[in-house]
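Atom set for the values below is all heavy atoms of this structure, side chains included, hydrogens, waters and symmetry mates excluded. Naming: A, B, ... by sequence-line order, numbering from 1 per chain.
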2 protein chains.
Amino acid sequence: MADEALTAGAAARRLGVAVTTLRTWHQRYGLGPSRHESGHHRRYTADDMSRLQIMQRLTAEGVAPAEAAAWALSQAAPEQPGPPDPRPARTDPAPAVRGLTRAAMRLDAPAMRDTLCTAIRERGVIGAWTDVMAPALIVVGERYEATRRFVEVEHLLSRAVTEALAAVEHAAGIPRIMLAAADEEQHTLPLEALAAALAQAGVPTRLFGARVPPQALLDAIARTGPAAVVLWSQRPATGLPAQLTRVRDVPHPPVVVAAAGPGWPEDDLPPGITRLKSLTEAVGLLSDF
Amino acid sequence: MADEALTAGAAARRLGVAVTTLRTWHQRYGLGPSRHESGHHRRYTADDMSRLQIMQRLTAEGVAPAEAAAWALSQAAPEQPGPPDPRPARTDPAPAVRGLTRAAMRLDAPAMRDTLCTAIRERGVIGAWTDVMAPALIVVGERYEATRRFVEVEHLLSRAVTEALAAVEHAAGIPRIMLAAADEEQHTLPLEALAAALAQAGVPTRLFGARVPPQALLDAIARTGPAAVVLWSQRPATGLPAQLTRVRDVPHPPVVVAAAGPGWPEDDLPPGITRLKSLTEAVGLLSDF
DNA sequence: CGGAACCTGCGTCGATTCGTGCGTCGATTA
DNA sequence: TAATCGACGCACGAATCGACGCAGGTTCCG
């Protein structure tokens, strides 16, 4: 099935962009079918498609479209030493965030994966989370709040982040730290980031996802007797301090019981409870175990 | 009834199209009698007829004729070597299942990861899912049903399976297959298994998790125009056939709209919907794209 | 730091081009 | 003699065309 000429719509569909965008790219940047006379329909050959894919990949990395197009055009022939890594990285996370949100809007899972893995490789888990993942999640979240659309974008991005964090090499050893979400709490991405960050610091953990009933959590704590327990709460509705004291008062209490996340009250935490305010702080405290 | 070979008029009558249309199909798409020399009369064999029927069914479902013809022709390759049931002396899955459920009860994530990775390595994704993961999930699920305890075990196991499946090397290329959960459906592990199995077979996919509103899904399908869409439903409450027809009737309908999972009705599926009954069947059908 | 200019993806509109099924015609086949 | 052949053409709906404009975001500049 070597369709040697894709129609405009087919090409757009294959790339996950709108048809009009292809036309725009053509007339604005000259990035179109190699042979095309005005008025007639465009036919995208395999070569054309590979140029479009370069364009798409570069923009997914946060390169400005005009620049990406120029670069894609200069790549008439296939296979060369690859793009000059348009990432001053370390210093400027903005392109990565932009590329990530763009890939998410396009529902482009592979591109998201790529960006996320690169971010983790280059910045470490903590840097990737604070500079790239969290900002992108906030951008997409706010866009949803504002428009009430694009939920699927949000979910897909969450999933990509989850996968990227889960792919971090797990630390060996018996976990003595337990990470759990507060009752009813659905958001656990920050917890997963914490787990990944600790893993990267060589600290093994036990990560409990959402939807673990309080009693089951207490049972599990009693059974495994962790040295530290971190409870995450995103929304105030789930940040009931009673949960913390129940953990603290378990038969063989953990040395540290920590409350993390914006859902907990600012100051009124019960005695014996540690407040964790940032990823860095959390990793610093918990890697002593 | 060994109809040696149908004449052009007979074939046309049998299909309900004009004779000239058959000739057009032949010269435009190459979809004609397998043996035919120019100037002589066409004779359609049973094989030819079945190809024509594929053509007709697809066009009746709204697939563009050119595409339908290409598809019908690709099916021409009669009798693929057949799935030779790749089951060379695999190790007995029972120990793995037992080990996995035990590790889950122990909340021992590293051990679960280990078992799962080994299973995937030794049995491939399909084998690992059907022989190890699914059975273990069923065991744990039944244990929860019976005792109303150990939810956390179930969640932890689910998460470990998700991670293991997500770790399978993703296939490169632009995905033309979309996997999604039915509305309100929360269970997506089987979908993740399908995605991983396809990835292992070199087929890129777009996996939509749960909680994607139906309208958003339709938008995404319209925007990306996948060649195939698989909708998963675990519970009958979520298996409403209307969802399938809505996908089928989208502007650029996918060539294949498939219903997978036990939630869909046994027989009463709308026309043009493919029922997928097993992982193997699904991979076999979908890897042709 | 705030506002204006600019960039960019994409929806919309009326006009045009294409894909497609099928009728017609003179010649050929069965 | 009836059916079919290849070639040609037509009608109609779908897809696409170029032009334009809008909305969000970014960059620039005072």
How many whole angstroms separate atom [atom1] of [X] from atom [atom2] of [N]?
| X | N | atom1 | atom2 | value |
| --- | --- | --- | --- | --- |
| Leu15(A) | dC10(C) | CG | P | 11 Å |
| Leu31(A) | dT8(C) | CG | P | 13 Å |
| His36(A) | dT17(C) | NE2 | P | 11 Å |
| Tyr44(A) | dA15(D) | OH | P | 17 Å |
| Leu22(B) | dT4(D) | CG | P | 10 Å |

Determine yes or no for a side-chain-to-main-chain donor-acceptor pair under 3.5 angstrom, with Thr188(A) supplying the side chain and Leu191(A) the backbone.
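Absent.
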Check for a donor-acceptor pair, side chain of Trp71(B) on one end and backbone N or O of Ala66(B) on the other, with a separation under 3.5 Å.
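Here the side-chain-to-backbone pair does not exist.
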Please check if the number of heavy atoms outside Arg235(A) that lie under 6.0 Å from its CZ is greater than 12.
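Yes.
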Rounded to the nearest 0.5 Å, how far does OH of Tyr44(B) lie from CZ of Arg51(B)?
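Going from CZ on Arg51(B) over to OH on Tyr44(B), the span is 10.0 Å.
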To the nearest 0.5 Å, what is the distance between CH2 (Trp232(B)) and CG (Leu276(B))?
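Those atoms lie 9.5 Å apart.
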Taking only residues two or more places apart in sequence, or in another chain, which ones meet Arg248(B) in a side chain to side chain contact (heavy atoms under 4.5 Å, CB included)?
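Side chain to side chain contact (heavy atoms under 4.5 Å, CB included) check on Arg248(B) returns Thr245(B), Val257(B), Pro270(B), Pro271(B), Ile273(B).
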Select from Glu37(A) and Val139(A) the residue whose nearest nucleotide in DNA chain D is closer to the 5' end of that strand.
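The residue whose closest nucleotide sits nearer the 5' end is Glu37(A).
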Do you know which two heavy atoms are closest between Ala8(A) and Leu22(A), and how far apart they sit?
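Closest approach of Ala8(A) to Leu22(A): O-CD1, 3.6 Å.
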N or O in side chain of Thr7(B) less than 4.0 angstrom from dA3(D) OP1/OP2:
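It does not, given that no N or O in the side chain of Thr7(B) lies less than 4.0 Å from OP1 or OP2 of dA3(D).
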Ring pair (Phe, Tyr, Trp, His ring centres under 6.0 Å) for His36(B) and His26(B)? Distances and angles first, verdict last.
CA-CA 10 Å; His36(B) 170 251; His26(B) 190 184; 5.4 Å; yes
How far does the helix from dC1(C)-dG30(D) to dA30(C)-dT1(D) bend, going by the axes of its first and last five pairs, to the nearest 10°?
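Result, rounded to 10 degrees: 30°.
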Categorize His26(A) for me: base, sugar-phosphate, or nothing, with a 4.0 angstrom heavy-atom threshold over every strand shown.
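Nothing: the residue His26(A), judged by heavy atoms under 4.0 Å, touches no strand.
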Basic-acidic side-chain contact under 4.0 Å: Glu154(A), Arg159(A):
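The answer is no: the pair does not qualify as a salt bridge.
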Base versus backbone protein contacts along nucleotides 18-28 of chain C [heavy-atom cut-off under 4.0 Å; B, S, -]:
SSBBBBB----
